[in-house]
Protein chains: 2
Amino acid sequence: MTIRDVAQAAEVHVSTVSRAFSAPHLVKRETRERVLAVAAELGYQPNETARALTTGRTRNLGLIVSDIANPFFPPLIKAAQAHARVRGYQVFVADTDEDAAVEEELIQTLARQVDGVILVSPRLANDDIGRLGGELPFVLVNRSVPGLSAVLMDVANGAALAVDHLAGLGHEHLVLVGGPRGSWTSAQMRRAAGKAAADQGVRLDVLGPNPPTEHGGIAATPAVLETRATGVIAYNDLVAIGLIEGLDDRNVHVPRDISVIGVDDTVAGRLNRPRLTTVAMPTAAAGRTAVDLLIQALETPGEPATAQTMLATSLVIRDSTAAPEQPAG
Amino acid sequence: MTIRDVAQAAEVHVSTVSRAFSAPHLVKRETRERVLAVAAELGYQPNETARALTTGRTRNLGLIVSDIANPFFPPLIKAAQAHARVRGYQVFVADTDEDAAVEEELIQTLARQVDGVILVSPRLANDDIGRLGGELPFVLVNRSVPGLSAVLMDVANGAALAVDHLAGLGHEHLVLVGGPRGSWTSAQMRRAAGKAAADQGVRLDVLGPNPPTEHGGIAATPAVLETRATGVIAYNDLVAIGLIEGLDDRNVHVPRDISVIGVDDTVAGRLNRPRLTTVAMPTAAAGRTAVDLLIQALETPGEPATAQTMLATSLVIRDSTAAPEQPAG
DNA sequence: ATGAAAGCGCTAACAA
DNA sequence: TTGTTAGCGCTTTCAT
């Protein structure tokens with residue numbers, strides 16, 4: 001079923017059929033209706049590949065994440081896919097396994113099949129991103145690079161809320177368990193938590209870098225205990241959960257002995273016992289916004305307009321935080 | 001950078017450049033090396049779209065899952081992507097939101113951009129799958145349709161192991177909390193658990209259908225309690241976790257009062273407290289096998305060979321199962 | 001408002 | 001072993 005079959009059956013030229021689909025206003029109403037009817041009857045579907053070859057546009061978007069298995073990403077992916085679909089685009093998801101080299105390779109590979117790429121929580125350095133951003137339209141999520149569009153989540157405020165919550169509970173010595181090297185989110189948290197701690201007059205130690213996984217949390221346990229802090233802010237829910245597990249193995253009880261706060265508000269944190277106090281991230285909104293920004297960039301000819309959007313976060317208080325135990329005596 | 005630029009720079013005809021890339025053995029070694037060197041120098045990358053248009057093959061595979069956020073899928077997706085990539089294919093993932101209609105629509109949409117589709121745990125009826133399977137190569141995972149290739153996980157044996165484990169612990173009355181309508185896995189579990197229970201001489205009640213989510217488990221709690229069974233086999237880990245939560249809310253303790261077994265061996269089950277006893281599914285292997293089957297079908301001309309592969313499962317015993325409490329007496 | 005014709009970048013017979 | 005040629009299915013000037 002090609003455009004030619006339809007043209008023949010509808011007794012018009014192929015270009016008229018083409019227009020009926022891609023520039024309907026250029027064809028007389030009755031002609032268009034006849035063409036569309038014939039096409040439907042024949043079960044004709046435009047060949048996207050041929051279309052892409054002539055137009056140079058695939059109507060596909062790439063979405064690169066560091067780890068699909070990290071529960072932070074699925075809601076973002078789902079939202080992006082659903083949103084893009086109604087706007088006539090397909091989203092292709094790829095996983096870098098937390099590896100900056102794989103990330104670059106995937107961008108190069110995807111570049112040939114998509115019109116633009118959404119890079120979520122990249123591990124690549126700013127310079128590399130900037131260089132690649134010159135080759136095709138990019139939208140970043142959780143990363144700010146001059147000249148590129150980005151959707152940011154206000155994790156700085158989230159970290160400040162976490163510090164305030166802990167300080168309000170009476171904790172005087174906190175520790176921040178940072179995330180992976182190259183993480184913008186981790187850097188933001190560190191800066192904001194530092195300032196909030198100073199404002200509150202509490203001490204804040206900083207640990208890291210750590211892998212953003214449960215195992216990273218388990219591995220960080222001894223270092224956390226060494227600080228003798230009574231309140232912990234972890235890079236994300238997974239790290240927080242691993243930490244709670246590591247503490248539990250050493251008979252340190254959360255929240256009785258130590259309070260722990262995660263970031264992301266994933267299912268994992270809800271399932272965990274104790275239920276995790278965490279900074280909720282607007283992941284679905286971020287996915288939709290990134291798609292909007294990218295499509296807008298693609299469909300607006302002129303300048304590659306760069307836009308930064310900051311999305312609000314909030315603190316979800318559950319069972320992993322409590323007032324510090326009164327020192328015996 | 002097109003094939004023509006390379007041809008000109010290397011002083012050969014475009015077809016020679018084309019061959020140097022897609023049929024290297026057809027071009028003399030030194031010519032090929034010169035062409036490749038020139039291409040590398042110029043930064044030439046073959047245009048996949050143009051290639052797809054002439055060959056009729058995209059080297060893209062579609063992977064359709066019902067819910068990316070269900071932790072059962074990510075390991076399968078990751079394995080499939082990684083495996084396909086080394087074999088020269090890209091995998092595009094789409095999410096149906098547990099909706100059979102969306103599933104069909106996605107298959108139709110993807111059909112135009114991929115060479116074949118892997119359908120994981122489909123919700124569509126066998127007839128519909130069979131019909132769509134006529135239009136492009138399919139590989140099913142967790143579903144058996146005559147005439148189509150499939151990767152199956154031996155959940156029947158898994159369910160039997162679960163029944164045996166519970167019966168061995170001394171439970172005499174079990175209940176199976178089934179999954180969604182249209183789930184092959186659920187049907188297999190029901191059949192196998194029924195047989196195993198009969199063999200063991202224990203009673204087995206069956207509940208369902210239920211959504212395959214934590215909420216489905218919570219909602220099933222009253223019905224489970226009504227059966228007065230002391231051992232539960234849930235459709236998957238999420239349902240098991242929801243059920244444990246629902247029981248906890250009613251002050252029914254797991255495993256003291258009721259034992260619960262999940263299926264899938266997801267992170268969620270490991271994180272849950274009590275840690276979940278569960279049937280481990282070979283998800284990564286299933287992803288790789290499905291990719292292999294599909295690529296084999298694509299690259300073997302002749303008949304659409306249909307192959308069924310059955311992958312083994314095992315029981316992981318953790319903390320959500322125990323001997324039933326002795327009736328006070 | 002429609003038709004004619006060129007061409008997107010590449011592959012694949014067929015020739016030489 | 002390499003060159004020639006004819007498209008793949010569609011869009012898009014340019015005419016009419």
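Computed from heavy atoms alone, side chains included, the values below leave out hydrogens, waters and symmetry copies. Throughout, protein chains are lettered first and strands after them, A, B, ... in sequence-line order, and every chain is numbered starting at 1.
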Begin with the C-alpha distance, continue with both residues' side-chain angles, and end with the deciding distance and a verdict on salt bridge (Lys or Arg N to Asp or Glu O under 4.0 Å) for A:E48 and A:R59.
CA-CA 9 Å; A:E48 296 296 336; A:R59 297 192 78 83; over 6 Å; no

I'd like to know whether CD of B:Q308 has more than 12 heavy-atom contacts from other residues, nucleotides or ligands below 6.0 angstrom.
yes

What nucleotide, of D:dC10, C:dG3, C:dA1, holds the atom closest to the side chain of A:S15?
C:dG3

Of C:dG3, C:dT11, D:dC10, the nucleotide closest to the side chain of A:P46 is D:dC10

Nearest of D:dG3, D:dG9, D:dT11 to any side-chain atom of A:T55?
D:dT11

Sugar-phosphate only, base, or nothing, as touched by B:Y44 at under 4.0 Å among non-hydrogen atoms:
sugar-phosphate

Would you indicate, yes or no, if D:dG3 has its OP1 or OP2 atom less than 4.0 angstrom from a side-chain nitrogen or oxygen of B:T16?
yes

Whole-Å distance between D:dC10 P and A:R4 CZ?
8 Å

Expressed in angstrom and rounded to an integer, what is the separation of A:I3 atom CD1 from D:dT12 atom C1'?
12 Å

Nearest of D:dG3, D:dC8, C:dG7 to any side-chain atom of A:T54?
C:dG7

For a quick test of reading the model: is some side-chain N or O of B:R51 closer than 4.0 Å to OP1 or OP2 of C:dC10?
no

For B:R57, does the CZ atom have more than 12 heavy-atom neighbours from other residues, nucleotides or ligands under 6.0 Å away?
yes

What is the separation between atom CZ on B:R112 and atom P on D:dG9, rounded to the nearest whole Å?
15 Å

Round to the nearest Å and state the distance from B:L42 atom CG to C:dG9 atom C1'.
16 Å

Could you check whether atom CD of A:E11 has more than 12 heavy atoms from other residues, nucleotides or ligands sitting under 6.0 Å from it?
no

Roughly how many Å is it from CG in A:N47 to C1' in D:dC8, rounded to a whole number?
8 Å

Check every atom of D:dC10, C:dC10, D:dT11 against the side chain of A:S22 and return the nucleotide holding the closest atom.
D:dT11

Which whole-number value in Å describes the distance from B:F21 CZ to C:dG9 P?
16 Å

Ignoring the backbone of A:T31, work out which of C:dC10, D:dC10, C:dT2 is nearest its side chain.
C:dT2

Is any side-chain nitrogen or oxygen of A:S18 closer than 4.0 Å to OP1 or OP2 of D:dC10?
no

Using heavy atoms to find the nearest nucleotide of DNA chain D for B:R29 and B:L53 separately, return the residue whose nucleotide is more 5′.
B:R29

Separation of D:dG9 C1' from A:D5 CG (nearest whole Å):
11 Å

CD/A:E41: more than 12 non-hydrogen atoms of other groups inside 6.0 Å:
no

Presence of A:H13 side-chain N/O under 4.0 Å of C:dT2 phosphate oxygens OP1/OP2
no

Output the single nucleotide from D:dT13, D:dG3, D:dG9 whose closest atom is nearest the side chain of A:R19.
D:dT13

